[in-house]
Amino acid sequence: MTRIDWVLLPFLVAVLAGVALGAFLLAGFLGLGVLGLVIGVMAQRIELEKDGAVSNYMTTSLYAQQLRAQEGMSRAERAERRAEAQRLLKGLFVAKVVSAGLIILGFGFFVLFQLA
């Protein structure tokens, strides 16, 4: 992590805690679990599309254009693209860990306190 990441980390944690508290106050532990699911689905979708559009019946021509564009890149451009994808994956890992924590906390406490 860079110096600016360490400076911004407390603000990120505070915002995340505020969102989690808001979801808890609005919908209880079930709200935390749903918030975790939403974050997890968004992070997974971004990871799937890191190399371009995912093959779909509506995006077949776009997918072919992206592959042609990638074939025409120089070695330096491809290396830059790979490095950018690696940076993206580091941030997505944090989002996935937060998502898993919210899912476990939210649905676990919901089952523990509401259904037991």
Side-chain angles (χ1 to χ4, degrees):
M1 290 179 59
T2 63
R3 174 179 274 166
I4 190 71
D5 291 337
W6 286 108
V7 170
L8 293 176
L9 184 64
F11 296 111
L12 175 66
V13 170
V15 168
L16 182 63
V19 169
L21 180 65
F24 175 73
L25 292 176
L26 187 64
F29 289 117
L30 196 58
L32 286 179
V34 171
L35 179 64
L37 284 175
V38 169
I39 292 171
V41 167
M42 288 187 326
Q44 194 65 30
R45 183 68 183 193
I46 291 170
E47 183 178 353
L48 283 174
E49 294 183 354
K50 73 180 180 301
D51 292 327
V54 178
S55 182
N56 186 336
Y57 70 93
M58 295 182 68
T59 61
T60 53
S61 63
L62 177 62
Y63 191 63
Q65 288 174 356
Q66 288 175 350
L67 285 178
R68 272 189 248 119
Q70 287 176 7
E71 289 173 0
M73 288 182 180
S74 68
R75 287 182 62 171
E77 290 172 333
R78 279 184 280 203
E80 180 183 358
R81 187 172 171 90
R82 270 194 307 273
E84 184 178 325
Q86 289 299 323
R87 274 186 265 123
L88 174 70
L89 290 177
K90 286 180 184 178
L92 287 176
F93 177 74
V94 173
K96 288 180 190 178
V97 169
V98 168
S99 169
L102 287 174
I103 290 170
I104 292 168
L105 181 76
F107 291 133
F109 281 155
F110 177 75
V111 169
L112 184 66
F113 292 127
Q114 300 295 322
L115 301 179

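Owing to the predicted nature of the structure, the values given are computational and were not obtained by experimental measurement.
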Spacing of CD belonging to Q44 relative to CD1 belonging to I46, to within rounding of 0.5 Å: 10.5 Å
Counting only heavy atoms not in E84, do more than 12 sit closer than 6.0 Å to its CD atom? no
Work out which heavy atom in L35 is nearest to a heavy atom in A20; give both atom names and the distance. CD2-CA, 4.2 Å
If every non-hydrogen atom of F29 is compared with every non-hydrogen atom of F113, which pair is closest and at what distance? CE1-CD1, 3.7 Å
Nearest-0.5 Å distance that lies between atom CD in E47 and atom CG in L92: 6.0 Å
Which heavy atom of M73 sits nearest to which heavy atom of R78, and what is that distance? O-NH2, 3.4 Å
Can you spot which of V41, V38, V94, I39 makes a side-chain contact (heavy atoms from CB on, under 4.5 Å) with S99? I39
L16 side, atom CG; L21 side, atom CG - distance, nearest 0.5 Å: 11.0 Å
Are V13 and L8 connected into the same hydrophobic cluster when the rule is that any two of I, L, V, M, F, W, Y join if their side-chain heavy atoms are below 4.5 Å apart? no
Same apolar cluster: F11 and V19, side chain cutoff 4.5 Å: no
Between F107 and L37, does a side-chain contact (heavy atoms from CB on, under 4.5 Å) hold up when you go through it step by step? CA-CA 10 Å; F107 291 133; L37 284 175; 3.7 Å; yes
Should we say atom CD of E80 is surrounded by more than 12 heavy atoms from elsewhere, each under 6.0 Å from it? no
Answer yes if V15 and V7 sit in the same cluster of Ile, Leu, Val, Met, Phe, Trp and Tyr residues linked by side chain heavy atoms under 4.5 Å apart, and no otherwise. no
From L32 CG over to I104 CD1, what is the distance, rounded to the nearest 0.5 angstrom? 12.5 Å
Please check if L102 and L12 belong to a single hydrophobic cluster, counting links between Ile, Leu, Val, Met, Phe, Trp and Tyr side chain heavy atoms closer than 4.5 Å. no
Nearest 0.5 Å please: distance from the CD atom of Q86 over to the NZ atom of K50. 8.5 Å
